[in-house]
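Below you'll find the structure, written out as structure tokens, and then a few comments.
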Amino acid sequence: QVQLVESGGGLVQAGDSLRLSCAASLRPFSTFDMAWFRQAPGKEREFVAAISPRGAVTYYGDSVKGRFTISRDNAKNTVYLQMNNLKAEDTAVYYCAAENYGTLPLTAHGYDYWGQGAQVTVSS
């Protein structure tokens, strides 16, 4: 059974940093594209960042460019999202996603596997 488990969410103040982790039971993890999406109340799920299987290629949503960094440790089957200079508008549930078609999609429809989500709340 495939599992993606996010951790590291919480309540922070504007300007703070937070790092999310996603531990995956995917095998082999190093063949999967990984991504982070987020969804705020009343809004559609939004693309945040994606990373290719070996980490050579990354993409970011316009709203997080320059502030967020996606990375992965294939030895630990884990993908990370380092979030710096957080803003109130970053408040959302953050989801980890995976797919192994090799297309590195930037939309939620392109991903087959999803975590349960981690709440990030940024107070202003």
Side-chain angles (χ1 to χ4, degrees):
Q1 182 180 358
V2 173
Q3 281 191 317
L4 302 177
V5 180
E6 299 97 338
S7 61
L11 172 63
V12 297
Q13 293 186 335
D16 286 351
S17 297
L18 204 60
R19 188 177 81 157
L20 300 180
S21 300
C22 172
S25 65
L26 304 163
R27 295 290 186 274
F29 179 72
S30 61
T31 66
F32 282 79
D33 293 325
M34 301 297 297
W36 289 95
F37 289 79
R38 67 186 183 185
Q39 189 165 18
K43 295 188 177 181
E44 293 187 353
R45 194 162 293 193
E46 176 190 13
F47 170 74
V48 175
I51 188 167
S52 60
R54 298 293 183 179
V57 180
T58 57
Y59 295 114
Y60 295 93
D62 289 340
S63 61
V64 306
K65 280 180 183 177
R67 300 188 299 122
F68 290 12
T69 302
I70 189 171
S71 62
R72 65 191 295 161
D73 185 339
N74 287 346
K76 295 182 178 179
N77 283 20
T78 302
V79 63
Y80 304 98
L81 185 68
Q82 177 67 43
M83 304 183 291
N84 298 330
N85 190 22
L86 282 161
K87 305 176 181 180
E89 51 264 42
D90 294 319
T91 295
V93 177
Y94 283 71
Y95 296 92
C96 175
E99 64 89 20
N100 64 345
Y101 300 117
T103 58
L104 200 54
L106 307 186
T107 62
H109 296 297
Y111 289 85
D112 292 329
Y113 305 106
W114 292 85
Q116 82 289 349
Q119 177 69 49
V120 172
T121 303
V122 184
S123 65
S124 56

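Computation of the quantities below employed the complete heavy-atom set of this structure, encompassing side-chain atoms and omitting hydrogens, waters and symmetry-equivalent molecules.
Formation of a donor-acceptor pair under 3.5 Å by the Glu99 side chain with backbone atoms of Asp112 is not found in this model. The main-chain N or O of Gln116 is found under 3.5 Å from a side-chain atom of Glu6 such that the two form a donor-acceptor pair. Under a 3.5 Å cut-off, the side chain of Ser25 and the backbone N or O of Gln3 do form a donor-acceptor pair. Within the 3.5 Å criterion, the main-chain N or O of Arg54 finds no donor-acceptor partner in the side chain of Asn74. Distance alone, capped at 3.5 Å, places no donor-acceptor pair between the Arg72 side chain and the Asp33 backbone. No donor-acceptor distance shorter than 3.5 angstrom exists from the side chain of Thr78 to the backbone of Ala23, with no hydrogens or angles considered. In this structure, the side chain of Thr103 does not engage the main chain of Tyr101 through any donor-acceptor pair within 3.5 Å.
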Practice prompt. Take Val79 and Ile70 through the test side chain to side chain contact (heavy atoms under 4.5 Å, CB included) and record every step on the way to the result.
Written response: CA-CA 7 Å; Val79 63; Ile70 189 171; 3.9 Å; yes
Discussion item. One pair to check against side chain to side chain contact (heavy atoms under 4.5 Å, CB included): Arg38 and Val120. What are the steps and the verdict?
Written reply: CA-CA 9 Å; Arg38 67 186 183 185; Val120 172; over 6 Å; no
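Pairs engaging residues 17-109 under the disulfide bond (SG atoms under 2.5 Å apart) rule: Cys22-Cys96 [sequence neighbours left out].
There is no side-chain donor-acceptor pair under 3.5 Å between Asp73 and Tyr80.
At a threshold of 4.0 Å, the pair Lys87-Asp90 does not count as salt-bridged, since none of the basic side-chain nitrogens sits closer than that to a carboxylate oxygen.
In this pair, Trp114 and Tyr95 present their aromatic rings perpendicular. The plane angle is above 60°, beyond the 30 to 60° band.
Both Leu4 and Val48 are members of a single hydrophobic cluster when ILVMFWY side chains are connected at heavy-atom separations under 4.5 Å. Cluster membership check: Val64 does not share its hydrophobic cluster with Phe37, using side-chain heavy-atom separations under 4.5 Å among Ile, Leu, Val, Met, Phe, Trp and Tyr.
Counting non-hydrogen atoms of other residues, nucleotides and ligands closer than 6.0 Å to OH of Tyr59 gives a total of 12 or fewer.
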